[in-house]
Number of protein chains: 2
Amino acid sequence: MTELVQEHIPQGVIERLPTYLSALLQLRHDGSSTASSAQLSELTDVNAAQIRRDLAYFGSFGKRGVGYDVGVLIERIQRILGSDHSHRIALVGAGNLGSAIASYDGFNARGFQIAALFDNDPGKVGSRVGDLVVRDIGDLARLAKQQNIRFGVVAVPSDAAQDVVDAMVDAGIKVILNYTPSHVTVPDDCRVHNTDPVRELLHTLYYLSRAEALAGA
Amino acid sequence: MTELVQEHIPQGVIERLPTYLSALLQLRHDGSSTASSAQLSELTDVNAAQIRRDLAYFGSFGKRGVGYDVGVLIERIQRILGSDHSHRIALVGAGNLGSAIASYDGFNARGFQIAALFDNDPGKVGSRVGDLVVRDIGDLARLAKQQNIRFGVVAVPSDAAQDVVDAMVDAGIKVILNYTPSHVTVPDDCRVHNTDPVRELLHTLYYLSRAEALAGA
DNA sequence: TAGATTGTTAATCGATTAACAATC
DNA sequence: TAGATTGTTAATCGATTAACAATC
C-alpha cells in the first residue's frame with residue numbers, strides 16, 4: 001500500500017514542517033502528550049487553520065474534539081521529512097568555526113550526526129576536536145562514499161569555499177551548508193544553502209529603520 | 001520633498017532586496033557599470049519581471065533600452081534598506097563561535113561593524129580576539145547605549161542564551177541574531193532571528209528523500 | 001530610425017484564512 | 001448529550017508573471 005500524497009505540495013508547507021516539529025519536540029520535552037492546532041499556533045506564530053491545512057496535505061493525524069497526539073505527530077512529520085533516521089554530515093574546516101559547529105548540540109538532537117571532520121592543514125590532521133579526529137581533506141571522497149554521506153558543511157576561509165564545494169560534489173554530497181560569504185556553484189542535482197547573517201540583518205534593518213523613522217517623527 | 005513609498009510593500013519584496021544587492025555588489029566588483037533585469041535574473045534566480053516589479057515599488061531607477069546603472073541601484077537599495085551607513089553590532093560570547101564570527105569578513109564589507117565583544121569569563125575579559133578586546137558582559141548596557149548599538153549576536157552556550165538576550169533587550173538592542181539552538185523570547189518591538197542550520201537541512205531533506213525515492217524506484 | 005529594455009497593466013497562479021459540518 | 005476540535009470547503013487575499021506600450 002503506497003502512501004497517498006498529493007502531486008504538488010507548496011514549498012511554504014514544507015518549510016513550515018520543521019517549525020511544527022521543533023514546537024512538538026519542545027512540547028514532548030515539557031511533558032505534553034496532546035496538542036491542539038490552537039496550541040501549536042501559539043508556539044509557532046502560524047495560523048491554526050493553516051497548520052491543520054498543512055498537515056492535511058499528508059493525511060489526517062488528529063482526533064476531532066481532542067487534538068493531535070504529540071508523539072504520533074512527531075513521528076509522522078519526521079517520516080514525511082525523511083528525518084525518521086539519522087543522517088551523516090561531513091564537516092570541512094577545523095578552525096574556530098568548524099570547531100564550534102562540531103560541538104554544536106543541535107544536530108544530534110534532531111537527526112543529524114557529524115560523521116567526519118576534515119581539514120587540509122597537516123598540522124591539524126590527526127588532532128581531536130570534541131569526539132572527532134581531524135582527517136585529511138583528501139580522504140573526503142572515499143569516506144563519504146563509504147558511509148553514504150549526502151550532507152556537507154563548509155567552514156573554511158572564503159577563498160577555499162568553491163574548491164571544497166567541488167570536492168564535496170565529487171564525493172556525492174547533495175546538500176551543502178555554506179558558512180562562508182562566498183557565492184559557490186553546484187550542479188542541478190545539488191542544493192546549497194548559504195547561511196548569510198548579513199542578508200537577514202539587512203532585511204530586518206528595513207523594518208527597524210521604518211519603526212525608528214515613525215518614532216522619531 | 002518626502003519619498004513616495006506605497007503604504008504596504010510585500011515582505012517577499014523586502015526579502016529579495018538583499019539578494020539583488022549582493023548580485024549588484026558582485027557585478028560592481030567584477031567591473032560592470034550597467035545591468036539589465038535579465039542579467040540580474042540570471043544571477044539571482046529571480047524572474048526578470050519580478051525584479052522590475054519589485055524595484056518599481058520604490059521608484060523608477062532604470063533607463064529604458066539601457067538597463068540599470070549598477071552604482072546607482074546599489075545606492076538606492078542601500079538607502080531603502082537603511083544600509084547606506086554602517087551599523088554597530090554587539091557580539092556576546094568569545095568562545096570558538098564568537099571568535100569565528102568576530103573574524104568573519106562578511107560584516108564589514110556590507111555595512112555592519114562588530115563594535116564590541118563581550119564574555120562573562122573573567123579569564124577571557126581583557127584578552128584580544130582579532131582587533132577586539134573582550135569586555136565584561138556587565139558593560140553591555142552602558143556601551144550599547146553610549147554607542148547606540150541596536151544589533152546583537154548571541155554566540156554563547158545554549159543555557160545562557162535567554163539571559164544574554166534579556167541583557168541585550170535591557171541595553172536597547174532591537175535586532176538579535178541567535179546562534180544557539182535555544183528558543184528565546186523578546187518583547188514585541190524586538191526581532192530575533194534564529195540561525196538554525198537543522199531547520200534548513202530538514203527542509204532540503206524532504207526534497208532529497210523524494211529525489212532519491214524517484215531514482216531508486 | 002531600429003533595437004533594446006524598462007515600467008506597468010492585467011491575468012494567472014497559489015497561498016492563506018474564516019467558517020462550519022463532521023465527529024471524537 | 002454537550003463541548004471541543006479536526007478536516008475541508010469556499011472565499012479572500014496577495015504574489016507572480018506574461019505581455020506590451022512607453023521610451024531611451
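Heavy atoms only: backbone and side chains are in, while hydrogens, waters and symmetry mates are out. Letters A, B, ... mirror the listed sequences (proteins, then strands); counts begin at 1.
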Figure out the [atom1]/[atom2] separation between [X] and [N], and round it to whole Å.
X     : N      : atom1 : atom2 : answer
A/I51 : C/dT17 : CD1   : C1'   : 12 Å
A/Q11 : D/dT16 : CD    : C1'   : 14 Å
B/R53 : C/dG7  : CZ    : P     : 13 Å
A/D54 : D/dG7  : CG    : P     : 12 Å
B/Q39 : C/dA4  : CD    : P     : 14 Å
B/L55 : C/dT8  : CG    : C1'   : 13 Å
A/E15 : C/dA15 : CD    : P     : 11 Å
B/Q50 : C/dT12 : CD    : P     : 18 Å

[X] side chain near [N] phosphate (N/O to OP1/OP2, under 4.0 Å):
X     : N      : value
B/Y57 : D/dT16 : no
B/N47 : D/dA18 : yes
A/S37 : D/dT6  : yes

Inset, instruction - Give the nucleotide from the list C/dC24, C/dG7, C/dT17 with an atom nearest to the side chain of A/A49. - result: C/dT17
Inset, instruction - Indicate yes or no: does B/D170 engage B/K145 in a salt bridge with an N to O separation below 4.0 Å. - result: no
Inset, instruction - Please determine if A/D45 and A/R16 form a salt bridge, counting it only when a charged side-chain N lies under 4.0 Å from a carboxylate O. - result: no
Do [X] and [Y] have side-chain N/O donor and acceptor atoms under 3.5 Å apart?
X      : Y     : answer
B/S32  : B/D30 : no
B/R52  : B/S37 : yes
A/R199 : B/S22 : yes

Inset, instruction - Find out whether B/I9 and A/Y206 are in side-chain contact, i.e. whether some heavy atom of one side chain is under 4.5 Å from a heavy atom of the other. - result: yes
Legend entry - Touch class at under 4.0 angstrom, heavy-atom based, for A/G12 against every strand present: nothing
Legend entry - Sugar-phosphate, base or nothing in reach of A/G67, heavy atoms under 4.0 Å: sugar-phosphate
Inset, instruction - Tell whether A/R52 reaches the base of D/dG7 with its side chain through a donor-acceptor pair below 3.5 angstrom. - result: yes
Legend entry - base_contact_polar (D/dT6 base, A/R64 side chain, donor-acceptor, <3.5 Å): yes
Legend entry - Residue whose closest nucleotide on DNA chain C lies nearer the 5' end, A/P10 versus B/A38: B/A38
Inset, instruction - Output, in order, the C-alpha distance, side-chain angles, deciding distance and verdict of side-chain hydrogen bond (donor to acceptor under 3.5 Å, both in side chains) for B/Y179 and B/N194. - result: CA-CA 6 Å; B/Y179 274 92; B/N194 296 292; over 6 Å; no
Legend entry - Intra- and interstrand pairs of DNA chain D - dot-bracket, Watson-Crick/G-U under 3.5 Å, | marks other strand: ..||||||||||||||||||||||
